[in-house]
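It should be emphasised that the depicted structure is a prediction, and the values quoted were computed from it without experimental measurement. Lettering of chains follows the sequences in order, A, B, ..., and the numbering in each one begins at 1.
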Number of protein chains: 2
Amino acid sequence: MDNITIKDIARALNLSTSTVSRALRDSYEINPETKRLVMEYAEEKHYRPNPIALSLKENRSLSIGVIVPEIANNYFSQTINGIEAAAYERGYHVVICQSQESYEREVDKVEHLAARRVDGLLLSLSSNTVDIEHLKSLHERGLPLVFFDRIPAEIDTHKVVADNHSGAFQATAHLLESGRRRIAHITSQPGLSITKERLSGYLAALEEYGVPFDENLVKYCSYTFDQVEDNLNALFALADPPDAFLTAADRLALRYYAGLQKRNTRIPEDVAFVGFSNLNVAELLNPPMSTILQPAFQMGQIAAGLLLDLIEKKPKSPVFQTVQLSTELHVRASSLPK
Amino acid sequence: MDNITIKDIARALNLSTSTVSRALRDSYEINPETKRLVMEYAEEKHYRPNPIALSLKENRSLSIGVIVPEIANNYFSQTINGIEAAAYERGYHVVICQSQESYEREVDKVEHLAARRVDGLLLSLSSNTVDIEHLKSLHERGLPLVFFDRIPAEIDTHKVVADNHSGAFQATAHLLESGRRRIAHITSQPGLSITKERLSGYLAALEEYGVPFDENLVKYCSYTFDQVEDNLNALFALADPPDAFLTAADRLALRYYAGLQKRNTRIPEDVAFVGFSNLNVAELLNPPMSTILQPAFQMGQIAAGLLLDLIEKKPKSPVFQTVQLSTELHVRASSLPK
DNA sequence: ATCGTTATCGGGAACGTTCCCGGCTTGGCA
DNA sequence: TGCCAAGCCGGGAACGTTCCCGATAACGAT
């Protein structure tokens, strides 16, 4: 594991490190013959510049960090692919981390990446993150930061989100139009931005169609603690039980799909079902699941692009924007009229 | 982004960097009072040691690299979770990369991680990797290396795999016992270790049950190039078409499940179906898919454990082992007898 | 012959740490 | 009174680069 360094080359060719360094970067002030010698020797010995030494000197790493709650989630893995595509194109490496929906892990990862001198950070908050001081101070100290999907209100920077309000509105309207009236909304932690936006879309649709809102139909779920059965039991114990479900995430959609089937509730006969989800298997489920699809890959691309812009033209402090991408409702068998 | 350094502390407290350094590491030869001063000042100013400077000096990073073909694959994301669990416990960070099933990307990622001085590398080969010189030379130069799942024969180091032979054997035997005779085997690139092992299990089962092998029933698929329809057409154009499918990966299982449904082939009436897969939705598919489940999380844990052992006791050159974990056949509706 | 130019190269500081050496006070003891 | 050993601390090299200054030589111009 002892790699060859510029010093080694210098010693071997009886040159100074400065000369070797310049020869390698093809500087004009080095004799072509010397350059050739250095280049050839470097090639032969597989010289690779030490990025750590460079990072130490330049205080940057030509890499960006990504922190997502979990990668075992189609939505996030698609986003990461978009990020990688954009970063790769512009010569940056991507370091991927998971917060595992844990606040402590998130803080740990953020600090680790910052200490490792990533040139910028892309992130989607963990569902248990309430305090974002760790990010705020980093941002104030000048670390370029772009949020996507689960964004905080308190930090002013670029953000990329799906149009959650309209996605939820569309889905709810679709359910209402196919004759449902008691739509259960299974959603994420109340603190998350996506939760609020989706709830507001849901409420707006109810209002538009003159259907009264019943807060008993809204269930906030932790991703980590499993209470599917309890929630379903509570919902179906209502005097007026749900005849439709609108779920807010891949994970929730699957859990409740399974939960409903376990209690032999028929979809879509007994209840209709629509999920916010980028599951690539929605079509293959039994029955095929109606989903609100988010442009995950594109979100990643855009977020990475914004971050790299931020990184590369640091001097002028930019006007931060929030990019909102539209969602697509895919109606499948799970939400057909009864 | 200007972080406080030991030098800053030294200057502020009128001490030397050596003293500050020692005070921070609680050295015995520093006056308790001085220690207190330094510690408090460091705390107040949020001093964090610069890991890059440390890496440069110590030639290590307290982090390990993981390269998988793609993270949008339940099998790999579960493995990564296992790796992270094990690494976290022992104080190491994990850097995740995707080769995207591309040889060039794999080489690039490997070199990048090595240059960044990861202390070791965990990897599962891309399906397009044939030449592994890049890994061989790294390994010879002393970089600890552990392979999992898709392993090369040419490098002697720790390896962690599922018992692919017996998994395929079990699944094939199960299909044969439920009355199938023409079992199509849809599998990965022929070069991969997992492909060979699974094929051998498939063949062994055929032989045990006295069913002749027909090479027309085996289809090798690239992950990147999509030829599902062609393959299905070819298979069903056979004089004696398949009455069962054994697929070798998450991705293939889903594609062919969808492909079969598109051509209105009934499962399990017309063909039975079993897939190597860690899909968490297998139960929810239509029909629920029989799968051969691999202990992905555990594989990650074990692989990471072996790697860390390798890293931490470098001096003695160990005896390398290949850990083989057993798979589990989960029979569901897709492979019921006709 | 002297001088300014150009072409080519080397020295050394700096990035943030650690650590080897060496140095200065004390104070205790002979 | 003198000496040695703690106890405590600073100087500086080293890790691999880059880059700012110089430095040296040759060479044409004055």
Side-chain angles (χ1 to χ4, degrees), chain A residues 1-39 41-42 45-63 111-112 114-119 141-142, chain B residues 1-39 41-42 45-63 111-112 114-119 141-142:
Chain A
M1 263 298 42
D2 17 73
N3 283 288
I4 187 172
T5 76
I6 269 192
K7 266 187 200 167
D8 298 329
I9 303 183
R11 210 170 3 237
L13 300 183
N14 229 341
L15 291 169
S16 78
T17 56
S18 346
T19 305
V20 175
S21 171
R22 272 174 296 217
L24 288 172
R25 8 188 56 241
D26 204 19
S27 159
Y28 69 97
E29 45 179 349
I30 297 295
N31 190 319
E33 176 59 16
T34 312
K35 272 189 205 171
R36 200 185 52 76
L37 269 170
V38 172
M39 302 262 207
Y41 189 83
K45 298 288 186 183
H46 301 107
Y47 169 76
R48 292 279 177 281
N50 184 329
I52 298 192
L54 284 181
S55 291
L56 182 60
K57 198 159 167 41
E58 316 265 320
N59 225 17
R60 62 180 201 146
S61 59
L62 282 180
S63 62
E111 293 206 334
H112 175 240
R116 284 267 157 209
R117 295 295 184 279
V118 289
D119 299 340
R141 285 192 288 158
Chain B
M1 263 297 43
D2 18 73
N3 283 288
I4 187 171
T5 75
I6 270 192
K7 265 186 202 168
D8 298 329
I9 303 182
R11 209 170 4 236
L13 299 183
N14 228 342
L15 291 168
S16 78
T17 57
S18 345
T19 305
V20 175
S21 172
R22 271 174 296 220
L24 288 172
R25 6 188 56 243
D26 205 20
S27 158
Y28 69 98
E29 44 178 348
I30 298 295
N31 189 317
E33 175 59 15
T34 312
K35 273 189 205 171
R36 199 186 50 77
L37 268 171
V38 172
M39 301 261 207
Y41 189 82
K45 299 287 186 184
H46 301 105
Y47 168 76
R48 293 279 177 280
N50 184 329
I52 298 193
L54 284 180
S55 291
L56 182 60
K57 199 161 166 40
E58 316 265 321
N59 224 18
R60 63 180 199 148
S61 58
L62 281 180
S63 63
E111 294 206 334
H112 176 241
R116 284 265 156 210
R117 295 293 184 280
V118 289
D119 298 342
R141 286 192 288 158

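Distance, A/Asn3 CG to D/dT17 P: 9 Å, rounded to whole Å. Computed from coordinates, the A/Asn50 CG to C/dA14 C1' distance equals 16 Å when rounded to whole Å. The NZ-P distance, from B/Lys35 to D/dC9, rounds to 10 Å in whole Å. Between B/Arg48 atom CZ and C/dT17 atom C1' there is a gap of 17 Å when expressed in whole angstrom units. The CG-P distance, from B/Leu56 to D/dT17, rounds to 9 Å in whole Å. Rounding to whole angstrom units, CD of residue A/Glu29 and P of D/dC19 are separated by 11 Å.
Side-chain contact between B/His46 and B/Ile4 is absent, with no heavy atoms from C-beta onward closer than 4.5 Å. Using a 4.5 Å heavy-atom cutoff, the side chains of B/Thr5 and B/Asn50 are not in contact. The side-chain heavy atoms of A/Leu13 and A/Val20, taken from C-beta on, include no pair separated by under 4.5 Å. In this structure the side chain of A/Ile6 reaches within 4.5 angstrom of the side chain of A/Leu24, judged on heavy atoms. In this structure, B/Arg117 and A/Asn3 have side chains that are in contact, with non-hydrogen atoms separated by less than 4.5 Å.
The stretch residues 17-26 of chain A touches DNA chain C through A/Ser18, A/Thr19, A/Arg22, each having a heavy atom within less than 4.0 Å of the strand. For residues 6-15 of chain A, proximity to DNA chain D is found at A/Ile6, A/Lys7, defined as any non-hydrogen atom under 4.0 angstrom from a strand atom.
Put simply, the side chain of A/Glu58 and the base of C/dC15 share no donor and acceptor less than 3.5 Å apart.
Between the CG atom in B/Leu37 and the CD1 atom in B/Ile9 there is a gap of 11.5 Å [rounded to 0.5 Å].
When distances are taken from the side chain of A/Leu54 to each of D/dT17, C/dT17, C/dC9, the shortest belongs to D/dT17.
Within the 4.0 angstrom heavy-atom criterion, only backbone atoms of the sugar-phosphate kind lie near B/Thr34; the bases stay farther away. Contacts of A/Arg60 with the nucleic acid, taken as non-hydrogen atoms under 4.0 Å apart, are absent.
Of the residues near DNA chain D, A/Lys57 and B/Pro32, the one whose nearest nucleotide (by heavy atom distance) lies more toward the 5' end is B/Pro32.
For A/Arg116 and B/Ser55, the side-chain atoms include at least one donor-acceptor pair closer than 3.5 Å.
Listed for the A/Arg36 side chain is no donor-acceptor partner under 3.5 Å among the backbone atoms of A/Thr34.
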Practice task
Quick one: do B/Leu62 and A/His112 satisfy side chain to side chain contact (heavy atoms under 4.5 Å, CB included)? Show the steps, please.
Solution key: CA-CA 11 Å; B/Leu62 281 180; A/His112 175 240; over 6 Å; no

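A sub-4.0 Å separation between OP1 or OP2 of D/dC9 and a side-chain N or O of B/Tyr28 is absent.
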